[in-house]
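What follows is one structure encoded as structure tokens, with my remarks underneath.
For clarity, every value in this text was computed on a predicted model and none was experimentally measured. Keep in mind that the numbers below use all heavy atoms, side chains included, and drop hydrogens, waters and symmetry copies. Along the sequence shown, residues carry numbers from 1.
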Amino acid sequence: MAATPRSPAPRPLTPVSRVLRLCLHALLFGLLALAAGRAVTDSVPRANWVVAACAAVAAVYGAGVRAPAVHRSPRAAGVWLAGLGAAWTALLVVSPDGVWIAFPLYFLELHLLRLRWAIAAVTVTACAAIGGFVAHTDGGAVSPGAFLGPLLGGAVAVATVLGYQALYRESERRRELIEELIATRAELAAAERDAGILAERERLAREIHDTLAQGLSSIQLLLRAAERSLPQDAPALEHIGRARGAAQDNLAEARRFVRALTPPDLEHGSLAAALERLCAAAPGPRVRFCLSGAPRVLPTPYEVALLRIAQSALANVVRHARADRAEITLTFMDASVTLDVVDDGAGFDPSSAPSGEGGFGLPAMRSRAETLGGLFTVESSPGQGTAVAVTLPLPLEAS
């Protein structure tokens, strides 16, 4: 039984915990063997009783160590400690060497009981050890060590266990931070991979639209002009008609490719419609969408960036803000477009916000905005909610 803090979900023993358990087992059984051996070799009165009491303590201890309920239930642990204390009290009655067993008992009580009950149990154990030792002096002089020994042993045990628990909690916090860092790195890698795939899809869509689709459309116009310039009975009209039909079919196919390469969230309508669907599907707080200004068609990279920023900001609201209400506002102005995500949640200190938490994170949103020459701002304070705003300058063809 290592002096490790109790946790709701027991974790596998570390090598240090395993060594501490073995050392505690060895200490207790070694002290019992020493007490029994001294009683036999010194031919003390009631030596058989001492051996029997040592065997009883060892049996109760071994049964508790092997019982799974003792490690899971505080009540079962308390019952076991009471039985172990009764056996130890019997040993104290027949031998002053039973005082030695108090030290491993301190660690058991501190490990298995809540702190306030553990301190009380350690105090009772120390008093019992002092009383047992004094009872065996037969009226002789009692040295101060009889009192200081158990008391100092209990104080050392309490300080040791509390220090170990503090180190354990610190190591657990570091382990959780490392796991969170690994998970965040994996999410960032997935986000970068998805962003790369999306960027490549958008590039292919633009290339197909700007080259193949435009070229096929130009071919159609030229073939139509050629048809009008030829006489009605010209033999070439049939071949021109077939060529124009083939160009028409290929143009339709190219447009299907462009639609297939469009980001899925924007396939079924405009950016405003996609944001409205996002608000309607958000779990947790009530989310409202507002549209301000005259909507206009934005380039695909702009729509994708604004939609992804809205998704990431709303995900932060759902996960961390504990908000009752949130609002997403898309505002079209003469030379820019602005997206605002505001909530009434717990808020935070932006200067100490962890980077990358939850996947995209604030740095990723800022990077998306700045890549398009935009401005990204976050306004928040603890208890005052959060406002995320991104402003993108409209390109000349959209303004």
**Item:** Rounded distance (nearest 0.5 Å) linking atom CZ of R288 with atom CD of E327
**Value:** 4.0 Å
**Fill in**
In this structure, CZ of F332 is separated from CG of L298 (nearest 0.5 Å) by 4.5 Å
**Message:** Determine whether V390 and R368 satisfy the following criterion, side chain to side chain contact (heavy atoms under 4.5 Å, CB included), listing intermediate values before the conclusion.
**Reply:** CA-CA 10 Å; V390 55; R368 282 187 182 275; over 6 Å; no
**Item:** Mutual orientation of the aromatic rings belonging to W80 and Y61 [parallel < 30°, tilted 30-60°, perpendicular > 60°]
**Value:** tilted
**Asked** Has the side chain of T160 got a donor or acceptor atom that lies under 3.5 Å from a matching backbone atom of V156?
**Response** yes
**Asked** If we only count heavy atoms from C-beta on, is the T329 to V342 side-chain gap below 4.5 Å?
**Response** no
**Message:** Does atom CD (E379) have a neighbourhood of more than 12 heavy atoms from anything else shown, all under 6.0 Å?
**Reply:** no
**Item:** Atom pair CG/CG of L372 and L394 - distance to nearest 0.5 Å
**Value:** 11.5 Å
**Asked** Does the side chain of V388 reach to within under 4.5 Å of the side chain of N316, using non-hydrogen atoms?
**Response** no
**Asked** Hey, what do you get for CZ (R244) to CG (L237), rounding to the nearest 0.5 Å?
**Response** 10.5 Å
**Message:** Does E227 form a salt bridge (charged side-chain N to carboxylate O under 4.0 Å, His left out) with R224? I'd like the steps, not just the answer.
**Reply:** CA-CA 5 Å; E227 278 185 326; R224 185 167 295 166; 5.4 Å; no
**Request:** Could you tell me whether a side-chain N or O of S380 sits under 3.5 Å from a main-chain N or O of F348, the two making a donor and an acceptor?
**Result:** yes
**Message:** Tell me the closest heavy-atom pair linking A76 and A69, and the distance in Å.
**Reply:** CB-O, 3.6 Å
**Message:** Counting only heavy atoms not in R116 (residues, nucleotides, ligands), do more than 12 fall under 6.0 Å from its CZ?
**Reply:** no
**Request:** Give the minimum heavy-atom separation between P104 and L31, together with the two atoms involved.
**Result:** CD-CD1, 4.1 Å
**Message:** What's the separation between atom CG in L181 and atom CG in L177, rounded to the nearest 0.5 Å?
**Reply:** 8.5 Å
**Complete:** CE of M365 to CD of Q311, rounded to nearest 0.5 Å, is 11.5 Å
**Student check: side-chain heavy atoms of L108 and L24 closer than 4.5 Å** = yes
**Message:** Run R175 and E172 through salt bridge (charged side-chain N to carboxylate O under 4.0 Å, His left out) and show every step you take.
**Reply:** CA-CA 5 Å; R175 179 189 59 79; E172 283 296 290; 2.8 Å; yes
**Message:** Within the 4.5 Å heavy-atom criterion, are W88 and V60 side-chain neighbours or not?
**Reply:** no
